[in-house]
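Proteins come first, then strands; the chains are lettered A, B, ... in the order of their sequence lines, and each starts at number 1. Predicted model only: the values in this text are computed from it and were never measured.
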Protein chains: 2
Amino acid sequence: MKILVVEDDEGIASFLKQGLEEELFSVELCDNGEDALYLAQINAYDMIVLDLMIKGIQGDAVCQKLREKKLHTPIIVLSAKSTISDKVGLLHLGADDYLTKPFSFEELLARIHVQLRKQNDKEPLLKVADLELNPLTKSVTRSGESITLTAKEYMLLEYLMRHRGAIIEEKSLEEQLFSSEQSINSNMVSVYMYRLRSKIDKNFERKLIKTHRNLGYSLNENAL
Amino acid sequence: MKILVVEDDEGIASFLKQGLEEELFSVELCDNGEDALYLAQINAYDMIVLDLMIKGIQGDAVCQKLREKKLHTPIIVLSAKSTISDKVGLLHLGADDYLTKPFSFEELLARIHVQLRKQNDKEPLLKVADLELNPLTKSVTRSGESITLTAKEYMLLEYLMRHRGAIIEEKSLEEQLFSSEQSINSNMVSVYMYRLRSKIDKNFERKLIKTHRNLGYSLNENAL
DNA sequence: CTTCCACAACTAAAATTTTCATCGTACCCT
DNA sequence: AGGGTACGATGAAAATTTTAGTTGTGGAAG
């Protein structure tokens with residue numbers, strides 16, 4: 001699980017990083033709006049923790065822009081103020097939850113877990129171009145035709161679709177497929193990519209799975 | 001993940017049950033010391049949440065007795081008082097953490113997660129009779145001889161050993177082996193039991209894995 | 001422009017997991 | 001005690017996962 005923490009204050013940032021890493025999340029830090037926007041779009045985060053008062057573009061604007069770009073990653077906003085207008089406005093801008101400083105680490109952690117769990121219920125049908133995946137029935141179709149996947153193939157595809165558009169490094173995919181058990185020296189991700197492609201992309205003109213040499217893979221309807 | 005909640009106050013009890021079940025724990029309730037002792041010994045709980053002030057045998061005594069019987073399940077104590085003597089005493093009696101009322105549900109949840117994680121680090125070597133399992137190296141020996149297990153076989157054995165002595169229902173084992181994905185109508189647990197037995201018990205006089213018809217299985221050095 | 005290197009794609013075989021059908025046995029009922 | 005039934009054990013085939021090795025390809029260096 002990858003989390004992006006956007007936080008100005010170095011002390012809080014490293015405190016959060018350390019705490020979250022102890023919870024076995026993989027954490028990346030960033031201290032300004034521009035980088036946040038860039039990173040959130042290029043990486044496959046499962047969660048964004050976003051301080052409102054940061055350098056450059058403000059948190060609320062970051063939040064809004066990400067949603068405009070159809071980024072679906074849950075966002076938890078951290079804020080010093082706690083006025084009503086703040087809260088309502090934020091949720092409108094696309095934040096999923098907010099927390100006013102000061103807050104306890106455990107409170108943040110609980111909120112993160114709530115959001116991660118909600119993800120599953122939120123999107124009833126994942127779509128990329130004419131490829132559709134229904135997480136409830138675990139069924140997949142492309143151009144209406146049903147496609148049968150094995151468990152691991154399905155896991156891989158669901159993960160790709162939940163992070164559609166982003167470039168996902170092989171390490172993340174591996175983590176997803178083999179929950180944290182280390183299996184160094186293994187080309188299984190590439191093997192599964194091959195299988196997935198042969199089922200998802202092979203018979204279609206428009207290829208959805210893309211390889212980004214030295215970076216990872218992505219699932220994308222654009223040329224990119 | 002199975003949690004036993006020992007709580008007198010019906011309101012709190014059902015609140016905890018509901019909250020924990022939303023977190024995907026499987027919860028059992030009990031409102032007095034005697035039942036708590038009995039249930040904790042007969043079932044394979046992963047965690048016990050224990051109120052100090054309960055009917056019958058008091059919480060501290062329950063805690064102490066369970067530890068005397070070598071039950072290793074983590075115990076989180078709930079207490080109305082918050083005097084220092086309480087805290088120190090409890091930890092001596094074998095509790096792993098305590099929480100003073102009133103507490104927020106999220107705080108309890110966080111403590112539970114901490115304890116569950118600690119479990120892994122706490123016991124460096126699991127033993128039942130001459131059967132030994134090292135969770136770090138994932139290696140298993142019986143009477144000193146090394147035994148090679150596949151991933152699923154290992155998972156099953158580790159789970160049995162972490163709950164040694166208790167009768168574990170098939171449903172729990174299934175949940176453990178196939179993280180929550182439902183696979184109704186499947187005898188895989190019995191298939192794996194068979195395999196495990198053929199590696200662990202077959203060549204030995206003393207059988208450690210026991211079947212309890214209509215109840216489940218247990219791993220035990222006693223005749224039982 | 002060629003060569004080389006690193007990475008990814010592919011293939012095939014081995015190992016494991018999962019399913020399925022059948023067998024054995026404890027327990028209940030009469 | 002005999003018979004029925006339900007549950008667990010067993011064996012083996014089918015499917016999937018994993019490993020290992022080979023082939024292909026893009027980009028850097030010469």
From the set [options], return the single nucleotide nearest to any side-chain atom of [X].
| X | options | value |
| --- | --- | --- |
| B:Arg213 | D:dC7, C:dT16, D:dT18 | D:dC7 |
| B:Glu170 | D:dT18, C:dT16, D:dG8 | D:dG8 |
| A:Val191 | C:dC20, C:dT11, C:dT17 | C:dT11 |
| B:Phe178 | C:dA9, C:dT19, C:dT18 | C:dT18 |

**Report entry** Test side-chain contact (heavy atoms from CB on, under 4.5 Å) applied to A:Ile200 and A:Glu153, step by step
**Finding:** CA-CA 10 Å; A:Ile200 296 298; A:Glu153 287 162 2; over 6 Å; no
Tell me what [X] touches on the nucleic acid: a base, only sugar-phosphate, or nothing, going by heavy atoms under 4.0 Å.
| X | answer |
| --- | --- |
| B:Tyr217 | sugar-phosphate |
| A:Thr211 | sugar-phosphate |
| B:Asn187 | base |

Query raised in the report: Just by distance, do the side chain of A:Arg195 and the backbone of A:Tyr192 share a donor-acceptor pair under 3.5 Å?
Result: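 A pair under 3.5 Å: no.
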Query raised in the report: Under 3.5 Å, side chain of B:Lys207 to main-chain N/O of B:Asp201, donor-acceptor pair present?
Result: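 A pair under 3.5 Å: yes.
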Query raised in the report: Strictly by modelled atom types, are B:Ser139 and B:Asn134 linked by a side-chain donor-acceptor pair under 3.5 Å?
Result: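 Absent: no donor and acceptor within the cut-off.
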Requested in this report: Please state whether the base of C:dT11 and the side chain of A:Arg195 form at least one donor-acceptor pair under 3.5 Å?
Outcome: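 Check fails, no donor-acceptor contact within cut-off.
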